[in-house]
Amino acid sequence: MSALQPVRGTRDILPDEMRRQRAVIDIARETAERYGYLEMATPIFEFTEVFKRTLGDTSDIVTKEMYTFSMKEGEQITLRPENTAGVARALMSGGLSQQLPLKYFYAGPMFRHERPQKGRQRQFHQIGAELLGVPKPQGDIELIALGAHILSGLGVYENTKLELNTLGDTDSRQAYRAALVEYFSDHSDALSSDSRDRLERNPLRILDSKNEGDRKLVAGAPVFSDYLNAESQDFFAAVKQGLERLNIAFELNTRLVRGLDYYCHTAFEFTTDLLGAQSAVLAGGRYDGLVETMGGPATPGVGWAAGIERLSMLMDRDPPVPRPIAVIPVGQATEEIALTLTQKLRHAGYGVELGFSGNVGKRMKRANKLGARAAVLLGEDELANNSATIRDLDSGEQELVSLDAVIEHLARYR
RNA sequence: GUGGCUGUAGCUCAGUUGGUUAGAGCGCCGGUUUGUGGUACCGGAGGUCGCGGGUUCAAGUCCCGUUAGCCACCCCA
């Protein structure tokens with residue numbers, strides 16, 4: 001371990017990458033606002049209890065992935081591994097349940113102590129949307145439509161597919177779960193050790209096992225659709241119909257499950273095969289039981305989250321690099337006027353670089369390297385006429401303009 | 001957390017069966033051009049060969065440990 005390298009699973013985000021991530025966030029936020037989802041933020045850490053209660057004591061996140069600290073006062077706090085719990089907590093702390101329905105958008109860092117891989121870091125960043133207080137499938141449809149809209153705005157929609165499943169309501173799910181447990185218990189000696197573990201904690205997950213032997217067993221396992229009651233079937237049918245109406249293509253994937261008890265009805269994942277094992281790009285579902293689990297009033301909810309780094313890797317273009325105007329004083333005598341002109345241009349809305357030192361050649365070189373669009377040269381000749389030379393750095397053409405007209409002339413380089 | 005692969009200049013990589021001052025391209029700096037960048041030519045800087053230990057007369061090259069990245073499992077965004 002060297003103190004000079006970033007902690008495992010973290011990294012510095014330098015301007016080129018930051019610009020991409022910024023673009024992801026900006027496009028997502030603008031799109032979300034069109035749907036009425038307004039940006040909000042919850043703290044980066046919460047009392048550990050907030051996550052324990054919502055994610056459950058047996059989830060992987062709670063049992064081995066949380067960054068938890070003990071405070072002097074003896075309280076346990078945890079760096080948020082996801083944001084939905086925080087939003088639900090905010091709903092209660094702020095008495096927001098009086099204002100339902102609520103639509104929120106967020107973006108920020110999350111922390112999970114996992115083994116890093118490409119597209120998987122210990123500090124990573126997510127955007128997400130939550131819709132609280134809408135029990136109807138219209139909510140699920142709007143939320144998925146928002147996700148699809150953002151993906152297409154980023155140019156990654158083409159490289160994803162939407163996988164869709166239903167977990168039914170509580171009755172349906174519990175009946176199915178019981179049937180699964182019974183089935184797999186009868187064949188437990190044939191299960192992989194991973195799946196025997198899942199049988200205890202999260203039997204639905206066995207359906208998604210990659211183990212050969214497990215897959216054979218799964219092929220003969222009870223099927224969820226046989227356990228869905230009429231309401232659950234209607235709900236799912238409505239979601240599918242809404243997506244079809246919006247021309248959002250999806251594939252049914254009966255192995256797509258969520259482990260936690262409060263998840264119900266719709267579960268969905270936009271996945272890609274361009275990121276290796278990290279296929280989930282934007283994923284979510286309905287969580288009608290969550291707020292109640294935390295001790296709040298029964299409040300239906302749907303939401304999704306998406307990894308900003310993953311989206312950035314998939315984004316089909318580089319956001320444009322801003323091109324400044326370079327102000328270049330020629331000779332000592334013009335330094336002062338260059339300084340005041342620079343500041344004037346900045347106030348007028350231009351990005352301006354005033355080299356700190358060097359002769360004209362060096363400053364021009366630097367201007368070029370910065371990608372400057374134009375250079376404003378201030379020399380004694382120009383000053384004698386109360387003017388400046390404006391050089392177009394793309395075409396190489398330049399002209400002499402009066403100092404008063406510089407801002408006006410630069411307008412074309414905006 | 002388990003298993004595997006990898007780690008040489010800022011970046012991408014080459015380094016032959018262990019053998020004298022560790023190389024290239026790009027990038028960076030300087031010069032040709034002290035009032036004009038991008039091209040070209042010339043020159044230069046920059047490496048405890050991830051880190052620590054071991055084997056050996058001799059290790060970038062072999063062995064062990066460790067750390068980081070990557071791949072798969074796991075989990076997920």
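Computation of the quantities below employed the complete heavy-atom set of this structure, encompassing side-chain atoms and omitting hydrogens, waters and symmetry-equivalent molecules. Chain letters run A, B, ... following the sequence lines, proteins first, then strands; residues in each count from 1.
- Across the strands present, B/rC62 finds its partner in B/rG54; the criterion is a Watson-Crick or G-U wobble pair with both atom distances under 3.5 angstrom.
- Listed candidates were B/rC71, B/rC76, B/rA77. Nearest to the side chain of A/R205 is B/rC76.
- Judged by the 6.0 Å and 45° rule, A/R414 forms a cation-pi pair with A/Y350.
- As rounded to whole Å, 12 Å separates atom C1' of B/rG35 from atom CG of A/L378.
- Among the atoms of the strands shown, none is found under 4.0 Å from any heavy atom of A/G371.
- Comparing B/rA77, B/rC74, B/rG38 against the side chain of A/D194 picks out B/rC74 as the nearest.
- Across all strands shown, B/rC70 forms a Watson-Crick or G-U wobble pair, both distances under 3.5 Å, with B/rG4.
- Each of A/A372 and A/R310 has a nearest nucleotide on RNA chain B; the 5'-most of these lies closest to A/A372.
- At a cut-off of 3.5 angstrom, the base of B/rU2 holds at least one donor-acceptor pair with the side chain of A/R115.
- Judged by atom type and distance alone, A/S59 does not reach the base of B/rC75 through any side-chain donor-acceptor pair under 3.5 Å.
- At least one side-chain heavy atom of A/L252 sits under 4.5 Å from a side-chain heavy atom of A/K240.
- Going from the C1' atom of B/rC75 to that of B/rU56 covers 47 Å, rounded to whole Å.
- Residue side chain A/Q398 does not reach the base of B/rG37 through any donor-acceptor N/O pair under 3.5 Å, judged by distance alone.
- Checked against B/rG35, B/rC74, B/rG38, the side chain of A/L377 finds its nearest nucleotide in B/rG35.
- Here B/rC75 is the nucleotide among B/rC75, B/rC70, B/rU67 with the atom lying nearest to any side-chain atom of A/R198.
- Spacing of C1' atoms, B/rG47 relative to B/rG10, comes out at 12 Å, to the nearest Å.
- The separation between A/E65 atom CD and B/rC74 atom P is 14 Å, rounded to whole Å.
- Of the possible donor and acceptor atoms, one in the side chain of A/D214 sits under 3.5 Å from a partner among the backbone N and O of A/S192.
- A donor-acceptor contact under 3.5 Å links the side chain of A/R120 to the base of B/rC75.
- Regarding A/K362, its NZ atom lies at a distance of 18 Å from the C1' atom of B/rG38, rounded to whole Å.
- Rounded to whole Å, the separation between the C1' atoms of B/rG60 and B/rU48 comes to 12 Å.
- Across B/rA58 and B/rG50, the matching C1' atoms stand 23 Å from one another, rounded to whole Å.
- Residue-to-nucleotide contacts include no donor-acceptor pair under 3.5 Å from the side chain of A/R391 to the base of B/rG35.
- In terms of modelled atom types and a separation under 3.5 Å, the side chain of A/T10 and the main chain of A/P6 share no donor-acceptor contact.
- Within the nucleic acid shown, A/E380 comes within 4.0 Å of at least one base atom, counting heavy atoms only.
- Taking the nucleotide of RNA chain B with the nearest heavy atom to each of A/V330 and A/S279, the more 5' of the two is matched to A/V330.
- Between B/rA9 and B/rG3, the distance separating the two P atoms is 29 Å to the nearest Å.
- Considering only the side chain of A/N368, B/rG38 comes nearest among B/rC75, B/rU36, B/rG38.
- Out of B/rC73, B/rC70, B/rG38, the shortest distance to the side chain of A/K118 is found at B/rC70.
- Across B/rG35, B/rC75, B/rC70, the shortest atom-to-atom separation from the side chain of A/V360 is found for B/rG35.
- Using a 4.0 Å heavy-atom cutoff across all strands shown, A/G331 reaches no nucleic acid atom at all.
- Using a distance-only test at 3.5 Å, with no hydrogens or angles considered, a donor-acceptor pair links the side chain of A/R80 to the main chain of A/P109.
- Comparing B/rA40 with B/rG46, their C1' atoms are spaced 24 Å from each other, to the whole Å.
- Pair assignment for B/rU20: none, as no Watson-Crick or G-U wobble contacts are both less than 3.5 Å.
- Distance from the side chain of A/E382 is smallest to B/rG35 among B/rG35, B/rU67, B/rG37.
- A/L282 comes within contact range of the sugar-phosphate backbone alone, with a heavy-atom separation under 4.0 Å but no base atom that close.
- B/rG25 and B/rC63: their C1' atoms are spaced 34 Å apart (whole Å).
- In this structure, the nucleotide among B/rC75, B/rG35, B/rG69 sitting nearest to the side chain of A/P116 is B/rG69.
- For the residue pair A/T78/A/T68, the side-chain donor-acceptor check at 3.5 Å is satisfied.
- Taking atom P in both B/rC62 and B/rU20, one finds a spacing of 16 Å when rounded to whole Å.
- With both pairing distances under 3.5 Å, B/rG44 is matched to B/rC28 as a Watson-Crick or G-U wobble pair.
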